[in-house]
Amino acid sequence: MPKINVLKEAEKIKKPYTPFPLVNVDGSHVFLGLFEGDYRKHRHPYDEFFYVISGEVEIELDKDRVVLKAGDAFLAPKKTWHKSKAKK
């Protein structure tokens, strides 16, 4: 597998909340995404892993809220209702 520069790949994303495929690891897909403003409350039949490259993202869960800054990561377990909000 060739080396991947995640920052260069992230620069290709122009449309917010449109998953950009990065790589597939043992059947699990890794996507990049651009967060802008609020995104609706939703859930998935799979775990969703968030890793912030730059800026700040707030993830709201049913009974909790987590703020992620550059370098922070968070796992939203499958079937967990969540919504995101780009802070900056």
Side-chain angles (χ1 to χ4, degrees):
M1 184 176 104
K3 178 173 87 169
I4 299 170
N5 184 308
V6 175
L7 296 177
K8 282 191 180 244
E9 293 299 311
E11 290 174 0
K12 296 177 183 177
I13 303 169
K14 303 300 179 200
K15 187 175 178 185
Y17 298 109
T18 302
F20 181 86
L22 186 63
V23 68
N24 185 309
V25 180
D26 289 332
S28 294
H29 301 284
V30 178
F31 294 94
L32 296 177
L34 173 63
F35 285 57
E36 191 173 276
D38 292 356
Y39 191 72
R40 64 180 170 76
K41 190 174 185 178
H42 64 284
R43 62 183 175 172
H44 308 281
Y46 50 82
D47 294 332
E48 185 171 20
F49 180 76
F50 295 87
Y51 177 78
V52 177
I53 294 173
S54 67
E56 193 172 310
V57 177
E58 179 179 292
I59 307 292
E60 289 182 26
L61 306 163
D62 283 334
K63 298 178 182 174
D64 204 3
R65 176 180 76 87
V66 62
V67 176
L68 305 174
K69 297 180 181 182
D72 290 340
F74 176 75
L75 180 72
K78 64 183 176 182
K79 299 182 183 178
T80 300
W81 286 99
H82 60 283
K83 71 177 274 187
S84 57
K85 178 180 183 179
K87 302 284 280 181
K88 296 181 181 183

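For this chain, numbers begin at 1 and follow the sequence in order. Please read these numbers as outputs of a predicted model, since none were measured by experiment. Both backbone and side-chain heavy atoms feed into the values below; hydrogens, waters and symmetry mates do not.
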Can I get a per-line list of side-chain donor-acceptor pairs under 3.5 Å for residues 26-36, giving both atom names and the distance, sequence neighbours left out?
unit_1, atom_1, unit_2, atom_2, d
His29, ND1, Asn24, ND2, 3.2

* **Cluster overlap Tyr46 with Leu61, hydrophobic side-chain contacts below 4.5 Å** => no
* Asked: Between Glu11 and Lys8, is there a salt bridge with N-O shorter than 4.0 Å?
  -> no
* To do: Determine, step by step, whether Arg43 and Trp81 satisfy the side chain to side chain contact (heavy atoms under 4.5 Å, CB included) criterion, reporting the C-alpha distance in whole Å, the side-chain angles of both residues, the deciding distance to 0.1 Å, and the verdict.
  => CA-CA 5 Å; Arg43 62 183 175 172; Trp81 286 99; 3.3 Å; yes
* To do: Can you label the angle between the His82 ring and the Phe50 ring as parallel, tilted or perpendicular, going by 30° and 60°?
  => perpendicular
* To do: Can you label the angle between the Tyr51 ring and the Phe49 ring as parallel, tilted or perpendicular, going by 30° and 60°?
  => parallel
* **Where Glu9 and Phe20 come nearest, the two heavy atoms and their spacing** => OE1-CE2, 3.5 Å
Identify all side-chain donor-acceptor contacts of residues 62-78 below 3.5 Å with residues at least two apart in sequence or on another chain.
unit_1, atom_1, unit_2, atom_2, d
Asp62, OD1, Lys41, NZ, 3.4
Arg65, NH1, Glu58, OE1, 3.0
Asp72, OD2, Lys69, N, 2.8

